[in-house]
**Student:** 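Have a look at this one before I ask anything.
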Amino acid sequence: MNALRYIIFGFIFFSFGSCQKEEETIIQDETESFVLDSPIAGLLSRTSQNPTSMDNILDNSSCFSVQLPVTVIVNGQQILVSDDADYQTVQDAIDEFSNDDDLVNFVYPITIRYQNFQTDVLQDADDLEDVLDDCGDDDGFDEIDCITLVYPITINVYDSNNQLANTVTITSNSNLFNFLANLGNNVYAAINYPISAINFNGQTIAINSNSQLENFIEESIDDCDDDNSGGGGTGNQTFTDVLISGSWYISYFTEDDDNETAYFNGYNFTFNTNGTTTAVKNGVTTNGTWSTYVDSGENKLDLSFDGAILDEIEEDWRIIEFSATQIRLKHISGGNGGTDYLTFTKN
């Protein structure tokens, strides 16, 4: 009788443990998950960050924004900046004369707000200089602020063992930006679709997948870009002007979600005005060609190289956006529908 009791107890314990394990081991859909360095994470960060570029006429930095109202002095003229419309007043004061210093000086103290929504009070010009030094150089890619994500958004977080570790409810831009900023290495995030977003024209649209979300944000970049530079803040520089200036290396390459950036380590690419290109690694040169064209309203960069060593980047790449120091490209396969990403960064 005792033996039978132990057998029954053991069976119940084993069954309970098995069910418990099954409930805890929830595998993510890899096609809808992303990591910190993936393109969709970067797009979401720029969509949710505190806008910092619209006031660059004041602080000449996209690292932070200056909270309004604020008083500035330009060429001896004191200007109260109360709202966005007053940025033009500052610009007009700068443009008024050609023989002045055109410096924008703040009346302190001022409050600044970083991309992560944290604030800091600066007491004088030395404080401002210290902050600017800590910020470093802008990457040229500003916030995407003419679209709005509708909250709440639920995100599942998976660990490196492919198991559900946590579920997070995002209720604001600040929540989303800081969630992404703190996403650890080897941690995967997956949005629970569908979600909604408001586009440039104020229309609410439904989004059902990562690919739809990426396309929605990417297509909004030009709408949100005040200087019409392709989203990168390059002013009047064309894509060709940027491409042929200096040499480049591949800082990011994924093929069907596989990060293969390391394969291109050591290559330096130069694009010449005559449509030829060279890729040099360890003194060995691979020749190729490049061309740009418009296909169904999309700006394309076509790359071709001799031999097979660089055949993975021989595609008709869609130009997503560019700055003076970085070019971001995307290709969707006409065969299996896989998505590849390629980023060139200037040496």
Side-chain angles (χ1 to χ4, degrees), residues 27-44 46-47 141 144 158 162 188-191 193-195 197 205-222 230-232 239-240 242-243 248-265 267 269 271 275-277 279 281 286-322 326-345:
I27 308 302
Q28 88 252 24
D29 179 356
E30 293 184 358
T31 63
E32 296 300 338
S33 63
F34 59 88
V35 292
L36 179 60
D37 66 349
S38 61
I40 192 172
L43 291 170
L44 286 170
R46 290 167 59 196
T47 302
F141 296 104
I144 305 171
Y158 300 87
N162 213 25
Y188 298 83
I191 296 171
Y193 292 101
I195 65 171
I205 63 171
I207 299 173
N208 296 292
S209 66
N210 281 355
S211 60
Q212 288 184 13
L213 182 56
E214 282 186 13
N215 290 336
F216 168 69
I217 299 176
E218 288 170 351
E219 290 167 2
S220 302
I221 289 174
D222 284 342
F239 174 77
T240 299
V242 171
L243 185 67
W248 304 81
Y249 68 95
I250 292 177
S251 57
Y252 186 80
F253 176 75
T254 60
E255 184 176 35
D256 295 335
D257 294 325
D258 292 328
N259 192 321
E260 300 177 8
T261 308
Y263 177 80
F264 300 96
N265 288 349
Y267 278 101
F269 295 81
F271 300 90
T276 62
T277 182
K281 179 177 180 178
T286 302
N287 294 308
T289 60
W290 67 272
S291 62
T292 59
Y293 61 96
V294 178
D295 180 21
S296 301
E298 295 181 347
N299 295 312
K300 295 291 190 71
L301 171 66
D302 190 81
L303 297 178
S304 179
F305 294 92
D306 295 345
I309 194 168
L310 295 175
D311 62 352
E312 287 190 329
I313 61 172
E314 289 186 314
E315 301 287 2
D316 53 339
W317 296 95
R318 178 188 169 196
I319 303 168
I320 300 300
E321 57 183 338
F322 62 93
Q326 196 167 94
I327 295 170
R328 297 177 178 175
L329 310 169
K330 180 179 181 179
H331 175 76
I332 299 178
S333 172
N336 61 9
T339 302
D340 303 339
Y341 291 92
L342 174 63
T343 299
F344 285 106
T345 298

**Student:** Taking it one step at a time, do T339 and K330 satisfy side-chain contact (heavy atoms from CB on, under 4.5 Å)?
**Tutor:** CA-CA 7 Å; T339 302; K330 180 179 181 179; 3.6 Å; yes
**Student:** Locate the shortest heavy-atom distance separating A206 from Q212; write the atom from each residue and the value.
**Tutor:** O-OE1, 4.0 Å
**Student:** Which distance, rounded to the nearest 0.5 Å, do you find between the OG of S209 and the CG of N215?
**Tutor:**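 One finds 8.0 Å between OG of S209 and CG of N215.
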**Student:** Would you check, one step at a time, whether the test side-chain contact (heavy atoms from CB on, under 4.5 Å) holds for T343 with I250?
**Tutor:** CA-CA 6 Å; T343 299; I250 292 177; over 6 Å; no
**Student:** Which residues pass the side-chain hydrogen bond (donor to acceptor under 3.5 Å, both in side chains) test with Y193, sequence neighbours left out?
**Tutor:** N210
**Student:** Residues in side-chain contact (heavy atoms from CB on, under 4.5 Å) with T261, at least two apart?
**Tutor:** Y252, F253, N259
**Student:** Verify side-chain contact (heavy atoms from CB on, under 4.5 Å) between T240 and W290, making sure each step is shown before the conclusion.
**Tutor:** CA-CA 10 Å; T240 299; W290 67 272; 3.8 Å; yes
**Student:** Out of curiosity, I144 CD1 to E321 CD, how far, rounded to the nearest 0.5 Å?
**Tutor:**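 These two atoms lie 6.0 Å from each other.
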**Student:** Do any side-chain atoms of residues 291-307 form donor-acceptor pairs under 3.5 angstrom with protein atoms, and if so which ones, sequence neighbours left out?
**Tutor:**
none

**Student:** Evaluate E260 against I313 for side-chain contact (heavy atoms from CB on, under 4.5 Å), listing each step before the verdict.
**Tutor:** CA-CA 11 Å; E260 300 177 8; I313 61 172; over 6 Å; no
**Student:** Suppose we screen for side-chain hydrogen bond (donor to acceptor under 3.5 Å, both in side chains). Which residues come up paired with E315, at least two apart in sequence or across chains?
**Tutor:** H331
**Student:** Aromatic ring centroids of F271 and F344 under 6.0 Å?
**Tutor:**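 Aromatic pair counts; centres sit under 6.0 Å.
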**Student:** Residues two or more places apart in sequence or in another chain: which of them pass side-chain hydrogen bond (donor to acceptor under 3.5 Å, both in side chains) with N208?
**Tutor:**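 Listed in chain order: nothing, the list is empty.
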**Student:** On a heavy-atom basis, which atom in I207 and which in A197 lie closest, and how many Å separate them?
**Tutor:**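 The pair with the smallest heavy-atom distance is CD1-CB, 3.9 Å.
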**Student:** What pairs with Y263 under side-chain contact (heavy atoms from CB on, under 4.5 Å), at least two apart in sequence or on another chain?
**Tutor:** I309, E312
**Student:** Could I get the full list of side-chain contact (heavy atoms from CB on, under 4.5 Å) partners for D311, not counting sequence neighbours?
**Tutor:**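 Counting only residues at least two positions away or on another chain, D311 forms a side-chain contact (heavy atoms from CB on, under 4.5 Å) with A308, E314.
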